[in-house]
Amino acid sequence: MSHRKNDGLLGEPWRVGVLFSRSGFMALIEETQYRGTMIAIEEINARGGVNGREIVPVVYDPASDNALFRSQARRMLTEEGLSTIFGCYTSSSRKSVLPVVERLNGLLWYPTLYEGFEFSPNIIYTGAAPNQNSMALCEYLVENYGSRFYFVGSDYVYPRESNRIMRELVAERGGQVVGERYVPLNARRQDFFAVMHDIKRQMPDVIFSTVVGSATVLLYQTYHDFGLNPANMPIASLTTTEAEIRAMGCDVGEGHLTAAPYFQSISNSRNDNFVRRYRARYGEDEATNMCVEAAYFQVHMFARALECANTLDTDVLRPMVLGQSFEAPQGEVRIDPKCSHTNVWSRIGRATRSGQFEILRQSLSPVLADPYLIAARAAV
Amino acid sequence: MSRTAGREADTRKRRVDLSGARVVVCAETDSHFETWMRELRRQRAEVTLIWPPPRRFQDGMDLLICEYFPKVAEVLPWEPGEAGAALVLLLPQSGLHDPAEIAAAAPHGVVSRPFTAPAVVAAAQVAWSQFRYEQRLRERIAQLDENLRSIRFVERAKLILMAEKGMTEPAAYRHLREMAMQQRVSVVEVADAVIRRSELTL
């Protein structure tokens, strides 16, 4: 940042932690969350910072290693003297950081969808919970493709828990899970061969994928190489974004489905401006995605809360965060004061040849976060 | 002392004593050192002395009584929030210590030099008690989380049994419990089996 932008800023800067993997097998998506965070910080600083003070990011690279997530979070909260951290993509990395932020009373802003069934007073959850993406996706798939599901996921906590929920949703709609396979988190191409052979034997109506990271690209490419057709057996995912579609090749991703609060193709002026600024900052070819957007709007929500609190002390800042609303690129979002999760929009998109998502269905308003599926129990 | 009063005294003793606790002491020796070490051993603690401080302590202790020094948190074999043992820091007589360094180590107790033997023993007892209480709370939260996840499966399995076998809700739950007891598995595992069997017969 140039000195010119800092002109007029008074006092010590607000130092915040940024903890996304910029190397390793999760870098593909976490790099985009890093970018979303940085562009928001730059925007806020360009407008004069918060209460006349600049936000300064302290950036670490945990390199897709949960042990590094844990130790770097500790370093941020102790040696660096920080209290607010923006970070984590995988649930396993969040669960590694959670005891540290709880014990040292930090505040982790987590901009990723996850499997729900968690509440920590030291985490602000800004991605979708299962009632905000899985339920709508399951309903759409059963209505439009059929009720025989095949699950394939990376072998860690998020896919297993997410599949447990999806299994229940499928059963509620009279459907059936005809196969369930897991591959290593840093899977290789050949790990998907046996999965695809099994899929060809079972011929499900839908493949529900919870594969994450670089392995996502390999799953879709292997599917493509096996000559399967997304028109009658799509891969449906909660995690495959514009970033992964671009990495796998737009022709490979075309026709597959994703449920998310945000797609770049959303048509409103806030999103148009967001996409324009993102491209101007990172390149005309670069696409936004749900992870960029959540990473972006959560920094703006943090800045608004900080403006009121005028301190990074978690005990003062957190009450200012809870209940706050923000006009995000996806539409208006709100942090539910009861559960620290965000009321986000529910959308189903189908990937197009251009690498974007055509929005097939969307909620009429933000969906209330229900991380423990308490309201959803009535439907069981 | 009456028998009841005696039992109460025994209970109080059990709550605070260090009997059998594996205590590691990492402290400089001074003229009082032997006195408070003897006092710890009188509490039936298994005391091991380590000095100078290692680059990193090993797991396998219940209580660590450690001299304060800069970056003391880095020699602990755990991260804050996941402590594997109770921690008491001994603060220097000089008064030169960094509160941020102490916070980073997240101790369960601190004692400032100079201290008496009863003071260090009391701090050790309080830390040990606090640590075990924390552990119980952590276990309770983990169990509650698991219960919240699994309650949905039990509810669903009950509905399946009610539909398939015409059972009432209490009867369906009794059936799940009895199956679990017979098979010596949890109710959740039985519920999961009922759901999966039901899916296969669709």
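Order of the sequence lines sets the chain letters (A, B, ...), proteins ahead of strands, with each chain counted from 1. Just so it is clear, the values below take in all heavy atoms, side chains as well, and ignore hydrogens, waters and symmetry mates.
Shortest non-hydrogen contact noted between B:D145 and A:Y372 is OD1-OH, 3.8 Å. Minimum heavy-atom separation, A:L104 to B:A103: CD2-O, 3.5 Å.
Contacts between residues 59-72 of chain A and chain B, counted as heavy-atom pairs separated by less than 4.5 Å, involve A:R70, A:S71.
Applying the 6.0 Å contact sphere to CZ of B:R56 captures more than 12 heavy atoms from other residues, nucleotides or ligands. Counting heavy-atom neighbours within 6.0 Å of B:R44 CZ, excluding the residue itself, gives a total of 12 or less. Few gaps surround CZ on B:F33; more than 12 heavy atoms of other groups in view lie less than 6.0 Å from it.
The line from CZ of A:R164 to CG of B:D192 is 7.5 Å long, rounded to the nearest 0.5 Å. The distance from the OG1 atom of A:T78 to the CD atom of B:E79 is 8.5 Å, given to the nearest 0.5 Å.
Interface remark: B:A106 contributes backbone and side-chain atoms alike to the contact with chain A (heavy atom separation under 4.5 Å). Of the two parts of A:R167, the backbone and the side chain both hold a non-hydrogen atom closer than 4.5 Å to a non-hydrogen atom of chain B.
Heavy-atom pairs under 4.5 Å with chain B peak, among A:E118, A:R103, A:E102, at A:R103. If you tally non-hydrogen atom pairs under 4.5 Å between each of B:G81, B:P80, B:A104 and chain A, the highest count goes to B:P80.
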request  = Please lay out, stage by stage, how B:E74 and A:R75 fare under the test side chain to side chain contact (heavy atoms under 4.5 Å, CB included).
outcome  = CA-CA 10 Å; B:E74 290 186 7; A:R75 277 174 61 189; 5.8 Å; no
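The pair A:E168-B:R152 counts as a salt bridge, with a side-chain nitrogen and a carboxylate oxygen less than 4.0 angstrom apart.
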